[in-house]
Novice: 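Have a look at the structure that comes next, please.
Remember, it's a predicted structure, so these values are computed and weren't measured experimentally.
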Amino acid sequence: MTPRKRRALAISGGLGLLALATALVLNALQSNLVFFFSPSQVAAKEAPRTGSFRVGGLVEPGSVRRDADGLTLRFIVTDTAHTVPVTYQGLLPDLFREGKGVVAAGKLDADGVFRATEVLAKHDENYMPPEAADALKRAGNKGPANANATATANSAMRAEAR
């Protein structure tokens, strides 16, 4: 084999390995991506029906219920225009409260209930996930389901901004 053919074979092999490594990295990144959706986007069926995603907004006041087993929690996440029922089994963050910002990661069941595998709550008085704040602002501009929900959301957003 001539030196030129050897060099071409080495370059081809190197490019093949580089392509394989790139494909493996992109596949790993794709499987770990979790997108954020607001309750309005979930209601509009923009959220994936089979994959994992995050839903965020405010915990609707009066919606938190604990099942008889003591571990399963049911609550409603709202952006003041639409709501998503959520179930979660496990321990909640200490800062989880009704009327406060929350982001839940999980999957949407066929019955429309979001089965959360992780629940995140704000970590201090000044924090709300940017995606959740934007979703609440957009939903507020479209017109909420009722004026009481708007007042609750507006006061919660003002408290979050302080």
Novice: If you define the side chain from C-beta out and look only at heavy atoms, does anything of Phe35 sit under 4.5 Å from Pro48?
Specialist: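 No, too far: nothing below the 4.5 Å cut-off.
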Novice: Look at the side chain of Asp67 and the backbone N and O of Asp69, then say whether any donor-acceptor pair between them is shorter than 3.5 Å.
Specialist: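 Answer holds: no.
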Novice: Just verifying a value: how many Å separate Leu20 CG and Leu15 CG, rounded to the nearest 0.5 Å?
Specialist: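 One gets 12.5 Å once the value is rounded to the nearest 0.5 Å.
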Novice: Check the hydrophobic clustering (I, L, V, M, F, W, Y; side-chain heavy atoms under 4.5 Å; chains of links allowed) and say if Val113 and Val103 are grouped together.
Specialist: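 No, separate clusters.
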Novice: Show the nearest heavy-atom pair for residues Lys107 and Gly51, with the distance to one decimal.
Specialist: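 Distance-wise, the nearest heavy atoms are CG-O, 3.9 Å.
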Novice: Going by heavy atoms in the side chains, are Phe114 and Val77 under 4.5 Å from each other?
Specialist: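 They are not in contact (no side-chain heavy atoms under 4.5 Å apart), so the answer is no.
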Novice: Please name the pair of heavy atoms, one in Ser40 and one in Ala81, separated by the smallest distance, quoted to 0.1 Å.
Specialist: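 Scanning both residues, the minimum pair turns out to be OG-CB, 3.8 Å.
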Novice: Would you give the length of the straight line joining atom CG of Leu108 to atom NZ of Lys45, rounded to the nearest 0.5 angstrom?
Specialist: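 The CG atom of Leu108 sits 8.5 Å away from the NZ atom of Lys45.
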Novice: State whether the number of non-hydrogen atoms from other residues, nucleotides or ligands found under 6.0 Å of Arg6 atom CZ is greater than 12.
Specialist: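 Correct, the count exceeds 12.
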Novice: For the residue pair Thr87 / Arg74, report whether a side-chain donor-acceptor contact shorter than 3.5 Å exists.
Specialist: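 No, because no side-chain N or O of Arg74 sits under 3.5 Å from a partner of the opposite role on Thr87.
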Novice: Strictly distance-based, threshold 3.5 Å: is any side-chain N or O of Asp79 a donor or acceptor partner for the main-chain N or O of Ser38?
Specialist: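 No.
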Novice: I need the Asn27 CG to Thr22 OG1 distance, nearest 0.5 Å.
Specialist: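 Here the rounded value is 12.5 Å.
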Novice: When you look at CG of Leu24, are more than 12 heavy atoms from neighbouring residues, nucleotides or ligands closer to it than 6.0 Å?
Specialist: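 Enclosed.
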Novice: Output yes when a side-chain donor or acceptor of Arg4 lies under 3.5 Å from a complementary backbone atom of Met1, and no otherwise.
Specialist: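 Checked: no pair found.
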Novice: Enter the distance from Tyr88:OH to Arg115:CZ here, rounded to the nearest 0.5 Å.
Specialist: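 Output value for this atom pair is 14.5 Å.
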Novice: Ile76 pairs by side chain to side chain contact (heavy atoms under 4.5 Å, CB included) with which of Glu60, Arg65, Glu98?
Specialist: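 Single side chain to side chain contact (heavy atoms under 4.5 Å, CB included) partner of Ile76 among Glu60, Arg65, Glu98: Glu60.
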Novice: Rounded to the nearest 0.5 Å, how far apart are CG of Leu95 and CG of Leu120?
Specialist: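 If I round to the nearest 0.5 Å, the distance is 11.5 Å.
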Novice: Going through the checks in order, is the side chain to side chain contact (heavy atoms under 4.5 Å, CB included) test met by His82 and Gln41?
Specialist: CA-CA 9 Å; His82 292 92; Gln41 291 173 310; over 6 Å; no
Novice: Got a donor-acceptor contact below 3.5 angstrom from the Thr83 side chain to the Pro39 backbone?
Specialist: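 Checking the backbone N and O of Pro39 against the side chain of Thr83, no donor-acceptor pair under 3.5 Å is found.
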Novice: Nearest 0.5 Å, what's the CG-CZ distance between Leu58 and Arg97?
Specialist: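 Leu58 atom CG to Arg97 atom CZ measures 15.0 Å (nearest 0.5 Å).
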Novice: Please check if the side chain of Gln89 supplies one atom and the backbone of Leu71 the other of a donor-acceptor pair under 3.5 Å.
Specialist: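 Pair absent, no side-chain N/O of Gln89 close to backbone of Leu71.
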